[in-house]
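A short worksheet on the structure shown next.
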Amino acid sequence: MSEVKLAEVSMKSSLKSVGEHGSYVFRHNLKITQLGKSGQIDEAIKVFQHMTHKNTVTHNSMISAFAKNGRISDARQLFDGMPQRNIVSWNSMIAAYLHNDMVEEARQLFDKMPTRDLYSWTLMITCYTRNGELAKARNLFNLLPYKWNPVCCNAMVAGYAKNRQFDEARRLFDAMPAKDLVSWNSMLTGYTRNGEMRLGLQFFEEMTERDVVSWNLMVDGFVEVGDLNSSWEFFEKIPNPNTVSWVTMLCGFARFGKIAEARRLFDQMPIRNVVAWNAMIAAYVQNCHVDEAISLFMEMPEKNSISWTTVINGYVRMGKLDEARQLLNQMPYRNVAAQTAMISGYVQNKRMDDARQIFNQISIRDVVCWNTMIAGYSQSGRMDEALHLFKQMVKKNIVSWNTMVAGYAQVGQMDAAIKIFEEMKEKNIVSWNSLISGLTQNGSYLDALKSFMLMGHEGQKPDQSTFACGLSACAHLAALQVGKQLHQLVMKSGYVTDLFVSNALITMYAKCGSISSAELLFKDIDHFDVVSWNSLIAAYALNGNGREALKLFQKMEVEGVAPDEVTFVGILSACSHVGLIDQGLKLFKCMVQAYNIEPLAEHYACMVDLLGRAGRLEEAFQLVRGMKINANAGIWGALLGACRIHGNLELAKFAAEKLLEFEPHKTSNYVLLSNMQAEAGRWDEVARVRRLMKEKGAEKQPGWSWIELQNRVHAFLSEDPAHPRAVELCHILRSLTAHMRNTGDMPLECLL
DNA sequence: CTAGGGTTAG
């Protein structure tokens, strides 16, 4: 009721202004609309602010101008502060949200608005279909009194078609009493944008009337599926190609590296607008011709913010950060996209302080900008700063959440990662993969597999990354049966050809001791990479088949595949396991001299192990002392182990002390040292080590063990009374230990 | 001033 009155008042006031200042207001309203459409938002604001008389239409025009330039919060502020609102004001604000992908806000406004018209309903239907909520869109559509209005109907057809509901779209399309060109093109868009070019072509031939949009859709559709020949064939047949047609074809060439063809098109174009110039510059940037991009940028008559952003991105891609920064500084109206490109450049080069400086300059930041910054901090391991920004963010999207999960996982803070993951309202495949890969990388293999299962229950299908992580977890658990099941799933899913997956499969079979399956898989791979070779080499090394590992290494050299640092970790450990001391030393030398690979801590650990096992402790120690890099726990652990075997107490003490600097909480290190002291009868030292252990707060870490039974992985915590069959288990274990003692097989813990 | 297809470029 009150709204009707309000509308009347608004009507009266606008009639009044027509009388007194009519042409003045009308002129300026039009100006605002034009400036808004052409991207000159600052000019539009100036006109708005200087107007002496404004009416509701003035405000509505300004809302649309803001919306078209991404200034959604300004639009809303204006909407909220308007003296009077009519139905167009509401519709314009809903449209503003729709065009800025803020479907939820649009819906809230739609629910609140006092009266609705055809515009409102059509807007909302589009909102729902953009969000994939087709049922809700259809419900609205069915309620409409004027649903056979072609505009409204087209919105529904387009919604179905874009969401691959071709049958529903077609049914509605066929039922339409009055079809226009947009109706036909709406259907066609569904096919071409979804890569269904067979159906698209069929439909295109059915069309009684076509315009340049229809043709452009076909050209772009063929580009999308990588069929450049058909694309070109259609492009040449377009009766009156417009700039969009030319640019679409140009981009098609650029995407497939045909830069000369793209340039030829650019030169032949009858009209070159800013978009065309930008497309050509982007074509050069995509194909790493930054110099050409720059010279074209200099030449172009009129530059917009996209032109600047493209060349800045070009420099960033080539790692020329200073040049990029210079351009950014020269840019007349710096926008978020350009600034974000710069931030992303700094982030990639771990220059977080420079990135932060740019970030702080930006007044209105978008999600991408925030996410880039957060990703930068998490990739640098600065999770506190990442979290600080994350909490400050008002509008987070799924990428923001995923970045945090991955960041915490990377620095080993899995509790924090899980907490963020569980707080997520919406999860996608990346969210799950971040969690599962985090669990795998941090040694929680069982939880990784559990999450893999849970993901399936929640309706998310695994992709190549999920499979690679799941298989890696199986490898570490030596869970052959579960691994085989994953293999089955991989084959059904069609990811068998993925190199990461194939390599993970090889490693899984190898670590589960099924070396023949690993070999079989290796033979089946079409295009292997160095990782495939490494996987099988490591497989042989792990299974004590050092000679086979070395043979494979030779074969790899014969086939011209350059080994990398991981390859050498594999073959050096193979040599160590089999006791090929001289061979190992030779290969180590060869790695440095012939392959120019700087030895990593892992390589030194292998060498220490190799020399240590052979009793050449002094040599091993000299090797460690001569290293350019810092020693790590692996190296000192290997040395300590060797000292243990050969009873060198002095060196053991030294190695143990170093080792405890890295792993002060690991009980087994103290136990090893204490046992050695005990064997030597140094009881005072034994007591000292025990004391040290208490001081450092090292506690006995519960040992997890696992076993596969009937295709399920069962986990056991040592001294776990909670296990339903603990008593039974202990009984069996005791008899097994006794049996092993009798037969001479010593259980592991008796060796310590 | 607000709604449907196409807007190709960052």
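Numbered from 1 within each chain, the chains take letters A, B, ... in sequence-line order. Keep in mind that the numbers below use all heavy atoms, side chains included, and drop hydrogens, waters and symmetry copies.
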*To the nearest Å, how far apart are I32(A) CD1 and dT2(B) P?*
12 Å

*asked:* Just to verify, what does K112(A) make a salt bridge (charged side-chain N to carboxylate O under 4.0 Å, His left out) with, not counting sequence neighbours?
replied: none

*Taking NZ, NE, NH1 and NH2 as the nitrogens, is one of them in R170(A) or E206(A) under 4.0 Å from a carboxylate oxygen of the other?*
yes

If you look only at distance, which donor and acceptor atoms sit under 3.5 Å apart when one is on a side chain in residues 63-74 of chain A and the other is two or more places apart or in another chain?
{"unit_1": "S64(A)", "atom_1": "OG", "unit_2": "N60(A)", "atom_2": "O", "d": "3.4"}
{"unit_1": "N69(A)", "atom_1": "ND2", "unit_2": "G36(A)", "atom_2": "O", "d": "3.1"}
{"unit_1": "N69(A)", "atom_1": "ND2", "unit_2": "A65(A)", "atom_2": "O", "d": "2.8"}
{"unit_1": "R71(A)", "atom_1": "NE", "unit_2": "D74(A)", "atom_2": "OD2", "d": "2.8"}
{"unit_1": "R71(A)", "atom_1": "NH2", "unit_2": "D74(A)", "atom_2": "OD2", "d": "3.4"}

*asked:* Does the protein touch nucleotides 3-10 of chain B at the base, only the backbone, or not at all? Give it as B, S and - per nucleotide, heavy atoms under 4.0 Å.
replied: BBBBSBBB

*Please name all residues satisfying side-chain contact (heavy atoms from CB on, under 4.5 Å) with A155(A), sequence neighbours left out, ordered by chain then number.*
T122(A), I125(A), T126(A)

*asked:* So, using salt bridge (charged side-chain N to carboxylate O under 4.0 Å, His left out) as the criterion, who are the partners of D167(A) when residues are at least two apart?
replied: none

*asked:* Tell me which pairs pass ring pair (Phe, Tyr, Trp, His ring centres under 6.0 Å) where either residue lies in residues 96-119 of chain A, with sequence neighbours left out.
replied: F110(A)-W121(A)

_Once side chain to side chain donor-acceptor pair (under 3.5 Å) is applied, do any residues pair with R27(A), and if so which ones, sequence neighbours excluded?_
none

*Near-strand residues of residues 393-400 of chain A, defined as heavy-atom separation under 4.0 angstrom from DNA chain B*: none

*Taking atom C1' in both dG5(B) and dC1(B), compute the distance separating them and give it to the nearest angstrom.*
22 Å

*Sequence neighbours left out, what passes side-chain contact (heavy atoms from CB on, under 4.5 Å) with Q202(A)? Give chain and number order.*
L199(A)

